[in-house]
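Only one structure is covered here, and it is reproduced in the block below.
Per chain, numbering begins at 1; letters A, B, ... match sequence-line order. Given the structure is predicted, the values throughout are model-derived calculations rather than measurements.
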Protein chains: 2
Amino acid sequence: SIQDMLAEKENGFLIPGDKVASVQEDNPLTHAFLLLTKVRYSKIPVLDGQSHLLGLLTIPMITNKMIELDDISQQPLQSLIVKDVMQTEFDTVKDDANMDEVLHLLVDNPFVPVVDADNVFCGILTRREMMKAFNFVAHN
Amino acid sequence: SIQDMLAEKENGFLIPGDKVASVQEDNPLTHAFLLLTKVRYSKIPVLDGQSHLLGLLTIPMITNKMIELDDISQQPLQSLIVKDVMQTEFDTVKDDANMDEVLHLLVDNPFVPVVDADNVFCGILTRREMMKAFNFVAHN
Ligand SMILES: Nc1ncnc2c1ncn2[C@@H]1O[C@@H]2COP(=O)(O)O[C@H]3[C@@H](O)[C@H](n4cnc5c(N)ncnc54)O[C@@H]3COP(=O)(O)O[C@H]2[C@H]1O
Ligand SMILES: Nc1ncnc2c1ncn2[C@@H]1O[C@@H]2COP(=O)(O)O[C@H]3[C@@H](O)[C@H](n4cnc5c(N)ncnc54)O[C@@H]3COP(=O)(O)O[C@H]2[C@H]1O
């Protein structure tokens, strides 16, 4: 079944924390703007100095601060930090979650962050990894 | 099988063109910047006046033009248009494609644009729609 196949490959799905682009909540928005423009990921995790998962960040959260009455300015980015704009309510799974829960969350989330019992960021589970598994199952 | 189930629901998967946010290739980048910031989609189609599909556009393609030696300025956006930065090589499917081909393309693409025989944009097929189908199959 799909469940068996997913459960079997479970560790193969995780993109480990050290491979995931992230920012710190106290980074200036100018830094975050440069980073997101360079890495081109649409949404990345926000961590603290001990790798705890604090939030999620996208470019629109930043560019939204650059617009006033349809005028665009980089000025506001110099006095704001990631913490001021990041998303703080989001889905996560514990590192012992079953794939059923992950599959359900990937319906509405392009990726699901994985944390341990102390909320230390372990990595992400992505739709791409799930799609590869389904593509395989659908052909076999 | 998954294939049967997908084939059956085929028209239910398509997000029709009139529900898809898009820009025109001759729009100034200032306009595209404002639009992408407001709608918050990470990638959208670029059309011409007759709804032909010409390209794909993301915010980083635009913000990349705002950066010079780590300085951020909106100045360049006033003299550039969507056509100057958009992605022109990308996967599409014809409106008579089978779901097998779509499933394969959704492994590497968050969405696949659908065009007719004259390259008129019909809509998009998304990973979310596919994930909903798999979630259903996996539970039944
Ligand atoms: N540098 C790259 N190389 C190859 N393919 C690339 C790529 N950047 C993006 N893609 C493709 O585009 C999809 C959407 O990326 P997006 O950045 O919007 O959305 C991403 C991003 O928000 C996050 N993500 C994935 N890998 C990441 C990483 N290493 N660091 C930070 N965030 C990551 O998870 C979301 C879903 O990723 P997923 O792999 O399912 O789906 C990815 C992947 O299929
Ligand atoms: N306004 C909203 N309401 C509810 N959920 C939202 C949402 N905006 C984003 N999402 C969620 O976030 C996922 C990634 O969106 P993203 O904009 O990066 O990536 C999107 C975007 O590039 C494009 N897309 C989807 N719907 C679109 C639309 N109506 N107009 C233009 N582009 C669209 O297809 C990609 C994949 O979309 P998918 O639905 O699989 O996956 C979406 C969906 O699960």
Side-chain angles (χ1 to χ4, degrees), chain A residues 1-6 28-43 58-67 69-78 99-111 126-140, chain B residues 1-6 28-43 58-67 69-78 99-111 126-140:
Chain A
S1 75
I2 291 179
Q3 291 305 332
D4 296 336
M5 199 232 127
L6 291 180
L29 283 193
T30 44
H31 167 79
F33 179 94
L34 292 173
L35 188 138
L36 281 169
T37 297
K38 285 191 163 66
V39 302
R40 296 176 300 159
Y41 290 116
S42 65
K43 183 178 255 187
T58 66
I59 296 194
M61 290 171 194
I62 301 172
T63 56
N64 189 37
K65 295 297 185 185
M66 297 172 73
I67 298 171
L69 299 171
D70 282 4
D71 267 345
I72 304 166
S73 163
Q74 61 81 30
Q75 189 78 8
L77 302 191
Q78 298 179 6
M99 286 310 260
D100 206 33
E101 180 184 0
V102 175
L103 181 53
H104 176 73
L105 289 174
L106 287 175
V107 168
D108 283 324
N109 296 285
F111 70 92
T126 64
R127 277 179 178 167
R128 179 169 184 273
E129 286 302 311
M130 196 66 69
M131 295 294 309
K132 285 202 293 185
F134 288 134
N135 206 24
F136 174 80
V137 169
H139 284 118
N140 304 304
Chain B
S1 75
I2 291 179
Q3 290 306 330
D4 296 337
M5 200 232 123
L6 293 180
L29 284 193
T30 45
H31 167 78
F33 180 94
L34 293 173
L35 188 138
L36 282 169
T37 297
K38 286 192 162 68
V39 302
R40 296 176 300 160
Y41 289 116
S42 64
K43 184 178 254 188
T58 66
I59 295 194
M61 291 171 194
I62 302 173
T63 56
N64 189 37
K65 294 298 184 184
M66 299 170 73
I67 298 171
L69 299 171
D70 283 2
D71 265 345
I72 303 167
S73 164
Q74 62 81 30
Q75 190 76 8
L77 302 191
Q78 298 181 5
M99 286 309 262
D100 205 34
E101 181 184 1
V102 174
L103 182 52
H104 176 73
L105 289 174
L106 287 177
V107 167
D108 283 324
N109 296 285
F111 70 92
T126 64
R127 277 179 179 167
R128 180 169 183 274
E129 287 301 311
M130 196 65 69
M131 296 293 310
K132 285 202 293 186
F134 288 132
N135 208 24
F136 175 79
V137 169
H139 284 115
N140 303 305

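Residues Arg127(B) and Arg128(A) have side chains in contact (heavy-atom distance under 4.5 Å, counting atoms from C-beta outward). Considering only heavy atoms from C-beta on, Met131(B) comes within 4.5 Å of Leu103(A) through its side chain.
For Lys65(B), there are no side chain to side chain donor-acceptor pair (under 3.5 Å) partners two or more places apart in sequence or in a different chain. Partners of Thr58(A) according to the side chain to side chain donor-acceptor pair (under 3.5 Å) rule, which considers only residues two or more places apart in sequence or in another chain, do not exist here.
Here the straight-line distance linking atom CG of Asp100(B) with atom CG of Asn135(A) works out to 7.5 Å at 0.5 Å rounding. Lys38(A) NZ to Asp70(B) CG: the interatomic distance, rounded to the nearest 0.5 Å, is 5.0 Å. Once rounded to the nearest 0.5 Å, the distance linking CZ of Phe134(B) with CG of Leu106(A) reads 12.5 Å.
Both the backbone and the side chain of Leu34(A) come within contact range of chain B, with heavy atoms under 4.5 Å apart. For Met66(B), the part sitting under 4.5 Å from any heavy atom of chain A is the side chain, from C-beta outward, and nothing else.
When each of Leu36(A), Val39(A), Ile59(A) is paired with Pro60(B), the side chain to side chain contact (heavy atoms under 4.5 Å, CB included) condition holds for Ile59(A) and for no other.
Options Leu77(A), Ile62(A), Asn109(A), Thr63(A) differ in how many heavy-atom pairs under 4.5 Å they form with chain B, and the most are formed by Thr63(A).
A salt bridge between Asp108(A) and Lys132(B) is absent, with no side-chain N of the basic residue lying under 4.0 Å from a carboxylate O of the acidic one.
When the shell of 6.0 Å around NE2 of His31(B) is examined, it contains more than 12 heavy atoms from other residues, nucleotides or ligands.
Contact between Ile72(B) and Gln74(A) at its shortest, heavy atoms only, is O-CG, 3.0 Å.
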